[in-house]
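Here is the structure we will look at.
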Amino acid sequence: MKIETIFGSLQDQELPLLVVNLFKDVKTPSGATGLIDDLSGGLISKLIKDGEITGRKNEMTLIHTMGDSFKNFLPNRILVIGLGKADDFGYNEIREVSATLARKIESLKIKKFGTIIHGAGIGGLDVSYSCEAMVEGTLLGLYRFDKYKSKQKEDQDHHIDEMQIIEIDKTKIEEAQKGIKNAKIFAEANISTRNLVNEPPNVMTPKKLADFAQTLAKNNDNLNCKIFKKSDLEQMKMGAFLGVSQGSNNDPYGIHITYEGNKNDIDDNIWLIGKGITFDSGGLSLKPSFGMETMKSDMSGGAAVINAINAISIFKPRINVHALCLATENMPGGKAQRVGDVVKTMSGKTIEIMNTDAEGRLTLADAVEYAKKNRAKRIIDVATLTGAIVISLGHGNMGVFTNDEKLVEDLIIAGSKRGESLWRLPLDDLSSKQNRSKIADIKNTGGRSAGSITAAHFIKEFVGEVPWVHIDIAGTAMKNYTDGWIIEGATGLPTRTLIQFVLDVSKKT
Ligand code: BES
Ligand code: MN
Ligand code: ZN
């Protein structure tokens with residue numbers, strides 16, 4: 001979709017559709033909507049009076065401008081979108097409304113539309129951020145994954161080709177353009193994550209994920225990518241990760257992408273580590289078949305860190321960033337790891353396998369050790385780690401755990417800027433005892449209680465003193481409904497949060 005700014009007045013645009021807005025309970029429209037009201041001899045006011053337009057959030061009223069009411073008015077249609085209460089209006093509402101609106105326009109089979117910048121008028125919001133939120137909402141809200149549908153071609157004719165952001169104040173145009181530019185980078189990264197996660201697991205194998213990362217880095221001068229084969233991983237003694245992979249016929253791969261934004265100080269770095277299980281059957285501790293298809297999303301963390309570092313590099317922040325993903329399937333083949341096995345991690349610590357379905361933490365243990373051996377100074381790990389996080393937090397928040405107050409605070413703020421919520425959970429000493437093994441250094445399950453906390457404690461055991469945040473995204477990587485800019489299926493979380501976070505942190509240091 002082509003997205004551009006147009007400097008000019010609303011009535012002079014030859015467009016099939018022009019979008020204006022209204023806050024809830026506003027009786028006399030002002031600004032752009034007021035202008036339309038004037039040009040139409042009070043039509044909008046009349047519809048408000050009749051109760052047809054209320055300004056309720058996501059309300060959409062389509063008005064055709066043919067006939068005599070509209071004088072000297074070029075757009076063929078007007079769509080008045082409700083923004084909800086002015087007091088509740090922020091960038092998330094802009095994203096939500098823009099996404100709902102974009103799907104409506106698509107369903108009307110309209111290929112080009114113009115819009116004012118929502119929120120920047122009486123809403124009092126920043127022009128650039130408002131514009132950014134509008135474009136993010138539009139692009140993310142129009143997402144679909146239909147490449148495996150044979151009929152997809154016909155549908156494609158209905159895609160919107162062009163979005164015009166119309167602004168009469170010339171001083172605001174540059175700000176608006178900055179917003180558009182940023183939004184595209186953030187949205188594209190998120191969409192790329194969604195695409196990887198939505199791919200079926202017979203396609204998105206560890207090898208495929210590694211190939212994706214390598215191609216991404218090859219096409220980006222600011223990134224370097226190292227791919228580790230099974231023999232490399234063996235040489236590095238990643239016993240926990242290899243243990244998980246041994247039940248599969250598809251080889252495991254290690255993916256390490258670097259962005260060097262501060263070559264003078266290699267210790268000024270952040271490591272983004274993503275869980276990369278391309279399919280989690282549970283292994284010998286086999287999962288029930290109901291819902292097992294969603295376990296293709298068990299590489300969501302890996303997909304997020306790969307796409308985040310790509311987007312980060314475009315902004316060229318002055319900081320070094322590493323993205324790491326150890327990719328494998330968790331399968332119950334004849335060579336599969338047993339329950340009761342003891343494996344030795346890259347760090348030398350031993351783990352007793354109590355449940356082969358608690359595989360994520362095993363792969364993360366070796367990933368974290370690899371990061372530490374490579375001088376990691378800050379670690380963020382992202383993992384669809386526990387079903388327990390779905391029980392405690394549901395689908396609205398990612399769970400976060402940390403050994404560093406400042407780091408988690410910055411991450412939560414970054415998430416809130418992008419409409420991705422993170423909720424802090426504790427790492428209490430009592431729960432950590434649940435991971436004690438009778439025969440090895442640690443065991444990979446901690447019993448039924450505090451399942452997400454014991455999983456986080458397990459990772460912490462390997463992280464040690466390095467400032468670290470663990471994000472459990474098991475409840476948020478996939479959604480089974482469409483709502484605003486989130487489309488049923490993979491959500492692409494927390495790709496945008498990670499980008500925002502690194503940009504924020506790089507400005508502070
Ligand atoms: N990948 C799953 C967690 C998961 C659950 C992701 C729901 C997405 C949605 C993880 O590997 C897993 O199986 N965890 C187990 C751990 C248990 C065996 C200690 C779980 O949560 O049941
Ligand atoms: Mn599992
Ligand atoms: Zn898993």
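As the structure lists them, so they are numbered: ligands from 1, and atoms in each ligand from 1.
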Problem set entry | Salt bridge Asp280-Lys296, side-chain N to carboxylate O under 4.0 Å | no
For this session: Mind reading off the angle at the Zn ion (ligand 3) between the NZ atom of Lys275 and the OE2 atom of Glu359, rounded to 10°?
Result: 90°
Seminar exercise, completed: min-distance N/O/S atom, Glu359 vs the Mn ion (ligand 2), resolves to OE1
Exercise. What protein heavy atom sits nearest atom 2 (C) of ligand 1, and how far away is it?
Worked result: Asp280 OD2, 3.5 Å
Exercise. Will you find, in the side chains of Thr350 and Asp441, an N or O donor that is under 3.5 Å from an N or O acceptor?
Worked result: yes
Exercise. Salt bridge or not for Lys406 and Asp410, using N-O below 4.0 Å?
Worked result: yes
Problem set entry | Sidechain N-carboxylate O distance under 4.0 Å for Glu132, Lys181 | no
For this session: Among all protein heavy atoms, pick the one closest to atom 10 (C) of ligand 1 and tell me residue, atom and distance.
Result: Leu385 O, 3.3 Å
Exercise. Quick one: does Arg378's side chain have a donor or acceptor within less than 3.5 Å of a partner on Trp271's backbone?
Worked result: no
Exercise. Any Lys/Arg nitrogen of Lys349 or Glu369 sitting under 4.0 Å from an Asp/Glu carboxylate oxygen of the other?
Worked result: no
Problem set entry | ligand 1 N/O within reach of Asn355 N/O, cut-off under 3.5 Å | no
Exercise. Would you say Asp472's side chain and Ile389's backbone share a donor-acceptor pair under 3.5 angstrom?
Worked result: no
For this session: Examine the side chains of Asn190 and Asn307 and answer whether a donor and an acceptor come within less than 3.5 Å of each other.
Result: no
Exercise. At the Mn ion (ligand 2), what is the angle formed between atom OD2 of Asp280 and atom OD1 of Asp357, rounded to the nearest 10°?
Worked result: 100°
Problem set entry | Ligand-side contact atoms (ligand 1) for residue partner Thr445, heavy atom cut-off under 4.0 Å | 19 (C)
Seminar exercise, completed: Closest heavy-atom approach to atom 13 (O) of ligand 1 among Lys287, Met354, Met299, Lys275 is made by Lys287
Exercise. So which of Thr476, Thr384, Ile391 gets nearest to atom 3 (C) of ligand 1, if we judge by its closest heavy atom?
Worked result: Thr384
Exercise. Polar-atom distance check: Thr386 versus ligand 1, any N or O pair below 3.5 Å?
Worked result: no
Exercise. Under 4.0 Å between a Lys/Arg side-chain N and an Asp/Glu carboxylate O for Lys433 and Asp429?
Worked result: no
Exercise. According to the interplanar angle, ranging from 0 to 90°, do the rings of Trp468 and His470 count as parallel (below 30°), tilted (30 to 60°) or perpendicular (above 60°)?
Worked result: parallel
Exercise. Are any of the side-chain nitrogens in Lys287 or Asp357 under 4.0 Å away from the carboxylate oxygens of its partner?
Worked result: yes
Problem set entry | ligand 1-proximal atoms of Asp357, by part, heavy-atom distance under 4.0 Å | both
Problem set entry | Asp298: its N/O/S atom lying closest to the Zn ion (ligand 3) (atom name) | OD2
Problem set entry | Gly387 neighbourhood, listing ligand 1 atoms whose heavy-atom distance to it stays under 4.0 Å | 3 (C), 5 (C), 20 (C), 21 (O)
Seminar exercise, completed: For Asp280, the N, O or S atom at the shortest distance from the Zn ion (ligand 3) is OD2
For this session: Could you tell me if any non-hydrogen atom of Arg448 lies under 4.0 Å from any atom of ligand 1?
Result: no
Exercise. Heavy-atom distance to atom 6 (C) of ligand 1: which of Ala474, Ser297, Ser452 wins?
Worked result: Ala474
For this session: Could you list the atoms of ligand 1 found under 4.0 angstrom from a heavy atom of Glu359?
Result: 11 (O)
For this session: Just let me know how Ile277 lines up against ligand 1, side chain, backbone, both or neither, with a heavy-atom cut-off below 4.0 Å.
Result: neither
Exercise. Numbering the atoms of ligand 1 from 1, which are under 4.0 Å from a heavy atom of Arg361?
Worked result: 16 (C), 19 (C)
Exercise. Would you say the side-chain atoms of Asp366 pair up with the backbone N or O of Ala240, donor to acceptor, closer than 3.5 Å?
Worked result: yes
Exercise. Backbone or side chain, does any N or O of Met295 fall under 3.5 Å from an N or O of ligand 1?
Worked result: no
